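All remarks here apply to the structure that follows.
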Amino acid sequence: MKTNFFFYKKKYSIDPNGIVICKSYSNIALIKYWGKHNNKIQIPLNSSISFSLGKVYTVTRLIYKEKKKMNLSVRVFFSGKEKTSFLPKILEFFHRISFYCSYLRYFNFIIETYNTFPHSSGIASSASSMSSLALCIMKIEKKLVYSLKEDFFLRKASFLARLGSGSACRSIYPGLVVWGCHQSIKGSNNLYAIPYPYEVHSIFTKIEDTILIIDDKPKKILSTKGHKLMNHNPYARERFKCANKNMNRLISILKIGDFQEFGELIEHEALTLHAMIMTSRPYFLCMKPNTLNVIQTVWDFRKNSKKNVYFTLDAGANVHLLYPIQEKTSILKWIYSDLFSYCKKIIESFCLSN
Ligand code: PMV
């Protein structure tokens, strides 16, 4: 598909002042996106799939007011306080998307945003914040084009969110979401995410995600830098092949409902992501000693109890523990008794279903 499909073609006419409000979930990838084409337009080098997460989301209020001068004008407030430090990223985002949303230049914007998860929790908020902002912008576009269809609305929101932060394009939808072209997934493409289109066994419709906050400081390695380093990572080519195969494996696991296979796959994906981070030049270590303590405790517990609890990681030290809702009582009890001492905070979230 060509990107000009998303151009805003109508002549500008809108009520001069208004407010739109949207919320977007955070997401955790099962098959990770790590590595993109070197062209600033966030085209991934492998397809990825994530679960959007309940309870952890961003709410954005976008206030717009008509102005005379045609330029991009934005102020950002986070949890009630003006954040000039967020401006460069937001302005770059507005600049990139103004190509597809020419009306942006006719307004002064005030962005007011907050997260439902604690600010310094180490949970990446760029996905949920960029996606809620993209949805707000699409709400304005919807005011300009009354006939705009729901599926175009969501697709373009995902397309715009991607230009803010790659993984943000998956946060537009609840449940399992795929981004990046994969030969076995119909409709998958590099420009926007789509809801996972195939059969999913009922065991995967109610999964808990308990997030163990091991490090609540902002990440040292920014994903933008990490993605770039994949262009020279000697193992990158194998990694992309492996991600591709893992996606095929996951499709059949999701259908059959094999939770052990699922768990083994997501742990392998998480450790592969960190292996890539550790083997880049310059190399990084995102895990902390307590990340490893948690992983070892999970493996020991699983061996002894035969419970279905598996971990995944993003590009940081924190651990997501995924398990079926049926085992929630006993696993949560074990988390608080055996893992609490390794964590700064525990956030009880869950995977949304499609
Ligand atoms: O969307 P970005 O550029 O912040 O990259 C996200 C990368 C991972 O969270 C590590 C993996 C993923 O697919 O979400």
Side-chain angles (χ1 to χ4, degrees), residues 24-53 56 58 86 89 92-93 96 121-134 158-173 176-182 188 190-194 196 209 211 215 218-231 233 236 239-240 242-244 246-247 250 265-278 280 284-287 291 311-320 322 351:
S24 253
Y25 306 100
S26 181
N27 72 69
I28 181 70
L30 306 172
I31 293 184
K32 313 286 181 183
Y33 147 60
W34 197 247
K36 59 182 168 185
H37 286 277
N38 221 348
N39 52 9
K40 287 198 169 177
I41 54 164
Q42 322 270 59
I43 300 298
L45 284 162
N46 67 269
S47 58
S48 59
I49 180 165
S50 58
F51 262 126
S52 295
L53 300 176
V56 279
T58 300
F86 288 4
K89 192 165 179 186
E92 192 186 342
F93 173 60
R96 273 188 199 173
S121 65
I123 297 186
S125 62
S126 64
S128 53
S129 55
M130 283 301 176
S131 122
S132 62
L133 183 55
S158 177
F159 174 88
L160 299 178
R162 183 195 102 241
L163 293 169
S165 162
S167 60
C169 71
R170 298 187 310 240
S171 273
I172 295 292
Y173 299 97
L176 281 164
V177 185
V178 179
W179 170 44
C181 186
H182 191 280
S188 64
N190 291 339
L191 299 181
Y192 55 86
I194 57 164
Y196 180 69
D209 178 359
I211 310 167
D215 185 8
K219 289 176 197 167
K220 282 207 187 71
I221 171 176
L222 290 172
S223 56
T224 317
K225 191 169 179 192
H227 289 294
K228 234 187 204 161
L229 294 176
M230 281 300 274
N231 293 325
N233 186 309
R239 158 62 193 151
F240 301 136
C242 175
N244 204 44
N246 282 348
M247 188 66 93
L250 188 64
L265 184 97
I266 63 167
E267 289 192 351
H268 182 258
E269 270 292 314
L271 294 178
T272 307
L273 165 69
H274 282 258
M276 292 302 108
I277 293 170
M278 285 187 239
S280 291
F284 294 90
L285 197 52
C286 295
M287 289 193 256
T291 313
F311 71 83
T312 185
L313 310 161
D314 65 11
N318 302 326
V319 184
H320 289 246
L322 268 54
C351 300

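This is a predicted model, so every value here is computed, not measured. Both ligands and their constituent atoms are indexed starting at 1 by order of listing.
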query: Partners of Y196 by ring-ring contact (aromatic ring centres under 6.0 Å, His included), sequence neighbours excluded?
result: Y198

task: Return the minimal non-hydrogen interatomic distance between T224 and K36, and the atom names on each side.
output: CG2-NZ, 4.5 Å

- request: Using a strict cut-off of under 4.0 Å between a residue heavy atom and any atom of ligand 1, list the qualifying protein residues by chain and number.
  value: A29, K32, Y33, W34, S165, G166, S167, R170, S223, H227, L273, A315

task: With sequence neighbours left out, write down each residue that passes ring-ring contact (aromatic ring centres under 6.0 Å, His included) with F159, or none if nothing qualifies.
output: F6, Y100

task: Kindly write out the residues that satisfy ring-ring contact (aromatic ring centres under 6.0 Å, His included) with H227, not counting sequence neighbours, or none if the list is empty.
output: Y33, W34

message: As a test of understanding, state which of E269, M247, R170 forms a side-chain contact (heavy atoms from CB on, under 4.5 Å) with S48.
response: R170

- prompt: Can you tell me if S50 uses its side chain to pair, donor with acceptor, with the backbone of A29 under 3.5 Å?
  reply: no

